[in-house]
Trainee: 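What follows is a structure written as structure tokens; I'll ask about it next.
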Number of protein chains: 2
Amino acid sequence: MSIDLRPSQALGLWHAATLEHLRIIGPDLTIRQMAILLHIYLAPPPHTVRGLAARLGVTKPVITRALDTMGAMSLVKRVRDDRDKRNVIIKRTVEGALFVEKLGDIIIAEGRKLPDRDGARA
Amino acid sequence: MSIDLRPSQALGLWHAATLEHLRIIGPDLTIRQMAILLHIYLAPPPHTVRGLAARLGVTKPVITRALDTMGAMSLVKRVRDDRDKRNVIIKRTVEGALFVEKLGDIIIAEGRKLPDRDGARA
DNA sequence: AAAGCTTGTTACGGTACCGTTTCATGGTGA
DNA sequence: TCACCATGAAACGGTACCGTAACAAGCTTT
């Protein structure tokens, strides 16, 4: 199930997908925000501020601010945990799911487009 | 030569590689800077400010600032074009080549590690 | 050589991120 | 009940990005 990439393929894929990401989505998300968003949508819930901070190796305010920003974009939403009201559960949204799906489409499309030539020579 | 990814693979790879990128490299590069850096190292030279701006669909000051930042990190360097002294040719550096190579290693490693289970349910 | 175009840089005001610290709120254990 | 701990948010000063506009320096054209 794992995929085996050659260096030129790996970097070519990253390069192309990053360009497409910028073209379609814009520069509005930082790498950290991307990581947080992907984690919320790909790792099994529930997600909390503390849990995300620990998993990503950042401080809690980083998560709080990222949730502020991405919440304003409707990519995620916050819900208080009723069982422990100190907790905030981060929920997925329809917009966020579409966003992540679009990102996946970009990667898949760029993977298919990978050229035959070896474009990576550093 | 192209690679065919399923959605869960594409997003899983992106997710894992983004996390590793943050863990190893840190949050010091924006998505735009990543795109610029990869373009410099993967697309055939010569690279100019204007050319990069056109290719990436951004304004020239964005490129100038990115070159300032990445130059301070020794990831790229600027050289005046002797034939047309208005031009600046962006050159690769040893540090930058190592950086890009490390990024490739991360992607390859995460591709190999992709799990059997379908981790993507949005 | 003087006007005009091209190239890359700098300046400006605004916005958003960063890490650290402080805080309000809610649960927990003696 | 009353310290005490845990959680997430807000405040603070600093830094770096953003887009637009203005700019200096170098070709080019007549």
Side-chain angles (χ1 to χ4, degrees), chain A residues 18-19 21-40 45-92, chain B residues 18-19 21-40 45-92:
Chain A
T18 302
L19 284 177
H21 177 183
L22 275 178
R23 198 177 67 78
I24 293 177
I25 295 169
D28 290 342
L29 288 183
T30 68
I31 293 181
R32 282 185 167 181
Q33 288 167 347
M34 273 303 309
I36 294 168
L37 187 68
L38 285 171
H39 199 77
I40 291 168
H47 301 292
T48 65
V49 173
R50 175 160 188 75
L52 288 173
R55 176 64 184 86
L56 301 181
V58 300
T59 58
K60 288 192 293 176
V62 168
I63 304 294
T64 293
R65 282 187 296 248
L67 295 180
D68 289 343
T69 301
M70 295 192 296
M73 299 183 199
S74 300
L75 296 179
V76 297
K77 67 185 170 202
R78 281 186 256 226
V79 178
R80 274 281 162 197
D81 184 353
D82 279 333
R83 311 206 267 205
D84 184 341
K85 291 197 175 145
R86 291 171 303 181
N87 289 336
V88 162
I89 308 294
I90 294 100
K91 296 283 197 181
R92 300 165 183 171
Chain B
T18 303
L19 285 177
H21 177 183
L22 274 178
R23 197 177 69 77
I24 294 177
I25 294 170
D28 289 342
L29 288 183
T30 67
I31 293 182
R32 280 185 167 181
Q33 288 167 349
M34 274 303 310
I36 294 167
L37 187 69
L38 285 171
H39 200 76
I40 291 168
H47 299 292
T48 64
V49 173
R50 175 158 188 77
L52 289 172
R55 176 64 184 84
L56 302 181
V58 300
T59 59
K60 289 190 292 175
V62 167
I63 305 294
T64 293
R65 283 187 296 248
L67 294 180
D68 289 343
T69 301
M70 296 191 296
M73 299 182 199
S74 299
L75 296 179
V76 298
K77 69 183 170 205
R78 280 186 256 225
V79 178
R80 273 281 162 200
D81 185 352
D82 278 334
R83 310 207 267 206
D84 184 340
K85 290 195 177 144
R86 291 171 302 180
N87 289 336
V88 162
I89 308 294
I90 294 103
K91 297 282 197 180
R92 300 165 183 171

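Not measured: the values here are computed from a predicted model. Reminder, nothing fancy here: chain letters follow the sequence lines and each chain counts from 1.
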Trainee: Going 5' to 3' on DNA chain D, which nucleotide is the first and which the last to come under 4.0 Å of a heavy atom in chain B?
Mentor: D:dC17 to D:dC27
Trainee: With a 4.0 Å heavy-atom cut-off, tell me which residues in residues 48-63 of chain A come close to DNA chain D, sorted by residue number.
Mentor: A:Thr48, A:Val49, A:Arg50, A:Lys60, A:Pro61
Trainee: According to side chain to side chain donor-acceptor pair (under 3.5 Å), who are the partners of B:Asp82, at least two apart in sequence or on a separate chain?
Mentor: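 Side chain to side chain donor-acceptor pair (under 3.5 Å) check on B:Asp82 returns nothing, list empty.
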Trainee: Is there a side-chain contact (heavy atoms from CB on, under 4.5 Å) between A:Leu38 and A:Met34 once you walk through the steps?
Mentor: CA-CA 6 Å; A:Leu38 285 171; A:Met34 273 303 309; 3.7 Å; yes
Trainee: Should B:Thr64 be listed as having a side-chain N or O under 4.0 Å from OP1 or OP2 of C:dT9?
Mentor: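 Answer yes for this pair, as a side-chain N or O of B:Thr64 is under 4.0 Å from OP1 or OP2.
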Trainee: Can you measure from CG (A:Leu22) to CZ (B:Arg32) and round to the nearest 0.5 angstrom?
Mentor: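 A:Leu22 CG to B:Arg32 CZ: 7.0 Å, rounded to 0.5 Å.
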Trainee: A:His39: which residues meet the side chain to side chain donor-acceptor pair (under 3.5 Å) condition with it, sequence neighbours left out?
Mentor: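 If we apply the side chain to side chain donor-acceptor pair (under 3.5 Å) test to A:His39, skipping adjacent residues, the hits are B:His15.
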Trainee: Atom CG in B:Asn87, atom NZ in B:Lys85: separation rounded to 0.5 Å?
Mentor: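 The NZ atom of B:Lys85 is 12.5 Å from CG of B:Asn87, to the nearest 0.5 Å.
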Trainee: How far does CD1 of B:Ile36 sit from CD1 of B:Ile63, to the nearest 0.5 angstrom?
Mentor: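 Nearest 0.5 Å value for the CD1-CD1 distance: 4.0 Å.
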Trainee: Expected output is a numbered-order residue list: members of residues 78-86 of chain A with a heavy atom under 4.0 Å from any atom of DNA chain D. What is it?
Mentor: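 Going residue by residue through residues 78-86 of chain A, the ones with a heavy atom under 4.0 Å of DNA chain D turn out to be A:Arg78, A:Arg86.
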Trainee: Excluding sequence neighbours, so at least two apart, what forms salt bridge (charged side-chain N to carboxylate O under 4.0 Å, His left out) with B:Arg78?
Mentor: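 B:Arg78 satisfies salt bridge (charged side-chain N to carboxylate O under 4.0 Å, His left out) with B:Asp68 only.
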Trainee: Would you jot down, in residue-number order, the residues of residues 25-37 of chain B having a non-hydrogen atom under 4.0 Å from DNA chain C?
Mentor: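 Going residue by residue through residues 25-37 of chain B, none turns out to have a heavy atom under 4.0 Å of DNA chain C.
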Trainee: Could I get the full list of salt bridge (charged side-chain N to carboxylate O under 4.0 Å, His left out) partners for B:Arg80, not counting sequence neighbours?
Mentor: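 B:Arg80 satisfies salt bridge (charged side-chain N to carboxylate O under 4.0 Å, His left out) with no other residue.
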Trainee: Please report the interatomic distance CG(A:Leu67) to CG(A:Leu37), rounded to the nearest 0.5 Å.
Mentor: 10.0 Å
Trainee: Go through A:Thr30 and B:Thr30 one step at a time and tell me if the side-chain contact (heavy atoms from CB on, under 4.5 Å) criterion holds.
Mentor: CA-CA 6 Å; A:Thr30 68; B:Thr30 67; over 6 Å; no
Trainee: Run the side-chain contact (heavy atoms from CB on, under 4.5 Å) check on A:Ile89 and A:Thr48 step by step: do they pass?
Mentor: CA-CA 5 Å; A:Ile89 308 294; A:Thr48 65; 4.2 Å; yes
Trainee: Would you jot down, in residue-number order, the residues of residues 67-77 of chain A having a non-hydrogen atom under 4.0 Å from DNA chain D?
Mentor: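 The answer is none.
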Trainee: Report the residues that fulfil side chain to side chain donor-acceptor pair (under 3.5 Å) with B:His21, sequence neighbours left out, ordered by chain and then residue number.
Mentor: none
Trainee: Taking only residues two or more places apart in sequence, or in another chain, which ones meet B:Asp28 in a side chain to side chain donor-acceptor pair (under 3.5 Å)?
Mentor: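 B:Asp28 satisfies side chain to side chain donor-acceptor pair (under 3.5 Å) with no residue once adjacent residues are dropped.
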Trainee: Please confirm whether the backbone N or O of B:Ile90 pairs with a side-chain atom of B:His47, one donor and one acceptor, at under 3.5 Å?
Mentor: no
Trainee: State which residues pass salt bridge (charged side-chain N to carboxylate O under 4.0 Å, His left out) with A:Arg23; sequence neighbours excluded, sorted by chain then number.
Mentor: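 Here the qualifying residues are A:Glu20.
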